[in-house]
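Fair warning: this is a prediction, and the values are worked out from it, not measured in the lab. Convention: sequence-line order gives letters A, B, ...; per-chain numbering from 1.
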Number of protein chains: 2
Amino acid sequence: MNRRETKQKEGILKVLSNTRAHPTADQIYDEVRKDIPRISKGTVYRNLQVLEEDGAITELRLDGTLSRYETKQENHYHFRCEKCGRVSDIDMPVDKKLDQRAEKRTGLKISSHQLEFRGLCKECQN
Amino acid sequence: MNRRETKQKEGILKVLSNTRAHPTADQIYDEVRKDIPRISKGTVYRNLQVLEEDGAITELRLDGTLSRYETKQENHYHFRCEKCGRVSDIDMPVDKKLDQRAEKRTGLKISSHQLEFRGLCKECQN
DNA sequence: TTAGGTGCAAAACCTTTGCCATCCC
DNA sequence: GGGATGGCAAAGGTTTTGCACCTAA
């Protein structure tokens with residue numbers, strides 16, 4: 001199962017590298033299609049899986065129904081606007097002590113945590 | 001749009017009141033069907049929406065492709081086993097200072113946060 | 001009586017998969 | 001050449017919806 005470089009895979013990665021919008025698979029598809037009109041959705045989904053397996057991107061499963069994607073980066077927190085649904089990164093250090101604290105209280109083996117803030121983004125505050 | 005009490009709605013609420021398992025819509029359907037064999041999935045989904053609108057239950061949208069449900073309670077943290085997928089509540093106070101801290105750093109209007117710990121549950125540690 | 005709720009089935013979505021053609025190494 | 005990848009379309013799985021019938025108030 002040796003991986004190959006293809007223009008489809010590169011196109012998808014390029015879209016994700018050029019945005020901070022945490023797009024859904026469908027949004028990625030629309031964007032890549034501008035460069036590669038005949039690309040199929042199946043290919044987008046397959047490559048998103050492959051890219052995540054290879055550690056190049058992260059699948060965000062914070063919403064429940066739709067997956068969103070971002071290029072791999074240090075674990076960080078997210079913000080979701082309760083009105084418009086947009087997701088953005090929060091520039092705030094990840095508090096690893098939370099894991100230890102929760103581990104002590106529960107006896108579970110905890111390796112990480114995901115945190116999503118909710119509220120109103122700047123545009124939606126008006 | 002006055003709400004009515006129906007045995008279907010009561011049955012769904014009863015299932016959620018009697019479990020800590022954060023079941024999916026499908027699991028709720030299976031459980032309710034023991035009491036109300038002719039209930040349909042559409043009715044389950046419709047009632048889950050209604051119950052959430054009325055504040056009786058909460059739809060958990062942290063991680064995963066499937067929505068999970070629980071009866072309404074104080075905001076609290078969750079744990080998801082990375083191996084078996086089970087979700088459980090964490091008995092740990094919600095740190096409201098996190099919201100203030102994030103608000104200061106970002107200028108966003110933050111009203112709450114959702115936190116999900118990940119790791120291995122007791123059963124899966126073996 | 002009557003507006004809201006139910007059951008059933010079809011539709012709508014999102015994601016995965018099978019198949020064969022195509023491409024990369 | 002040969003295995004990995006792509007395009008297309010069909011299949012899968014979850015959730016929503018249209019409609020005729022039912023039922024709580």
Side-chain angles (χ1 to χ4, degrees), chain A residues 1-16 21-70 80 85-87, chain B residues 1-16 21-70 80 85-87:
Chain A
M1 182 64 94
N2 292 316
R3 292 277 148 77
R4 272 177 206 176
E5 296 305 315
T6 66
K7 66 177 182 205
Q8 287 86 348
K9 194 202 282 187
E10 280 167 22
I12 290 164
L13 199 48
K14 193 172 133 208
V15 167
L16 281 171
H22 305 79
T24 61
D26 212 54
Q27 292 166 334
I28 295 168
Y29 171 64
D30 282 341
E31 195 62 30
V32 180
R33 224 164 12 149
K34 293 177 187 167
D35 277 343
I36 311 169
R38 296 182 59 75
I39 195 172
S40 72
K41 261 192 198 176
T43 298
V44 171
Y45 278 106
R46 268 184 296 237
N47 272 303
L48 288 171
Q49 282 179 357
V50 163
L51 286 167
E52 188 177 32
E53 276 174 34
D54 294 350
I57 67 172
T58 303
E59 181 179 4
L60 298 180
R61 300 173 150 275
L62 292 167
D63 184 70
T65 44
L66 292 182
S67 283
R68 290 169 176 272
Y69 299 85
E70 65 183 11
R80 180 183 304 265
R86 260 184 290 215
V87 174
Chain B
M1 182 62 100
N2 292 315
R3 292 277 149 77
R4 256 176 222 181
E5 295 306 314
T6 65
K7 65 179 183 208
Q8 288 84 350
K9 195 203 282 187
E10 279 168 23
I12 290 164
L13 199 49
K14 191 172 133 206
V15 167
L16 281 170
H22 304 80
T24 62
D26 210 54
Q27 292 166 335
I28 295 168
Y29 171 64
D30 282 341
E31 195 61 30
V32 181
R33 223 162 17 145
K34 294 177 187 167
D35 276 343
I36 312 171
R38 295 181 60 76
I39 196 172
S40 73
K41 262 192 198 175
T43 296
V44 171
Y45 278 105
R46 270 185 294 236
N47 274 302
L48 288 171
Q49 282 179 359
V50 163
L51 286 166
E52 188 177 32
E53 277 174 33
D54 294 350
I57 67 172
T58 304
E59 181 178 4
L60 298 180
R61 299 174 155 273
L62 269 179
D63 189 61
T65 42
L66 295 183
S67 284
R68 290 169 176 273
Y69 299 84
E70 67 183 10
R80 182 183 302 263
R86 260 184 292 216
V87 174

(request) State whether Q8(B) places a side-chain N or O below 4.0 Å from either non-bridging phosphate oxygen (OP1 or OP2) of dG7(C). (result) yes
(message) Can you list, in residue-number order, the parts of residues 30-47 of chain B that come under 4.0 Å of DNA chain C, counting heavy atoms only?
(response) R38(B), I39(B), S40(B), T43(B), R46(B), N47(B)
(message) Could you work out, with side-chain contact (heavy atoms from CB on, under 4.5 Å) as the rule, every residue matching E70(B), not counting sequence neighbours?
(response) H22(B), T58(B), L60(B), Q73(B), H76(B), H78(B), D89(B)
(request) Take the protein atom CD of E59(B) and the nucleotide atom C1' of dT16(D), then report the distance between them rounded to whole Å. (result) 13 Å
(message) What is the separation between atom CG on L48(B) and atom C1' on dT14(D), rounded to the nearest whole Å?
(response) 13 Å
(message) Show the nearest heavy-atom pair for residues A25(B) and V44(B), with the distance to one decimal.
(response) O-CG1, 3.9 Å
(request) Can you run down the salt bridge (Lys or Arg N to Asp or Glu O under 4.0 Å) pairs that involve residues 40-54 of chain A, sequence neighbours left out, and say none if there aren't any? (result) R3(A)-E53(A), R3(A)-D54(A), D26(A)-K41(A)
(request) Report the distance from atom CD of E59(A) to atom CG of L48(A), rounding to the nearest 0.5 Å. (result) 8.0 Å
(message) Measuring only between side-chain heavy atoms, which start at C-beta, is I28(B) closer than 4.5 Å to E31(B)?
(response) no
(request) Give one of base, sugar-phosphate or nothing for N2(B), where a contact means two heavy atoms less than 4.0 Å apart. (result) sugar-phosphate
(request) Specify the closest pair of heavy atoms between Y29(A) and I39(A), including all atoms of both residues, with the distance to one decimal. (result) CE1-O, 3.5 Å
(message) Nearest 0.5 Å, please: how far is CD in Q8(B) from CG in D35(B)?
(response) 11.5 Å
(request) Rounded to the nearest angstrom, tell me the gap between atom CG in D26(A) and atom C1' in dT16(C). (result) 15 Å
(message) Can you give me the closest heavy-atom contact between I12(A) and T43(A), atom names plus distance?
(response) CD1-O, 4.2 Å
(request) With sequence neighbours left out, write down each residue that passes side-chain contact (heavy atoms from CB on, under 4.5 Å) with K7(A), or none if nothing qualifies. (result) I36(A)
(message) Nearest whole Å is fine: how far is dG13(D) C1' from Y29(B) OH?
(response) 15 Å
(message) Over the length of the helix from dT1(C)-dA25(D) to dC25(C)-dG1(D), how much do the five-pair end axes diverge, rounded to 10 degrees?
(response) 30°
(request) Heavy atoms under 4.0 Å is the rule here; annotate nucleotides 20-25 of chain D 5' to 3' with B where the base is hit, S where only the sugar-phosphate is, and - elsewhere. (result) ---BBS
(request) Calculate the interatomic distance between Q27(B) atom CD and dG13(D) atom P; express it in whole Å. (result) 15 Å
(message) With heavy-atom distances below 4.5 Å as the criterion, would you say the side chains of N47(B) and I57(B) are in contact?
(response) no
(message) What is the separation between atom CG on D54(A) and atom P on dA4(D), rounded to the nearest whole Å?
(response) 14 Å
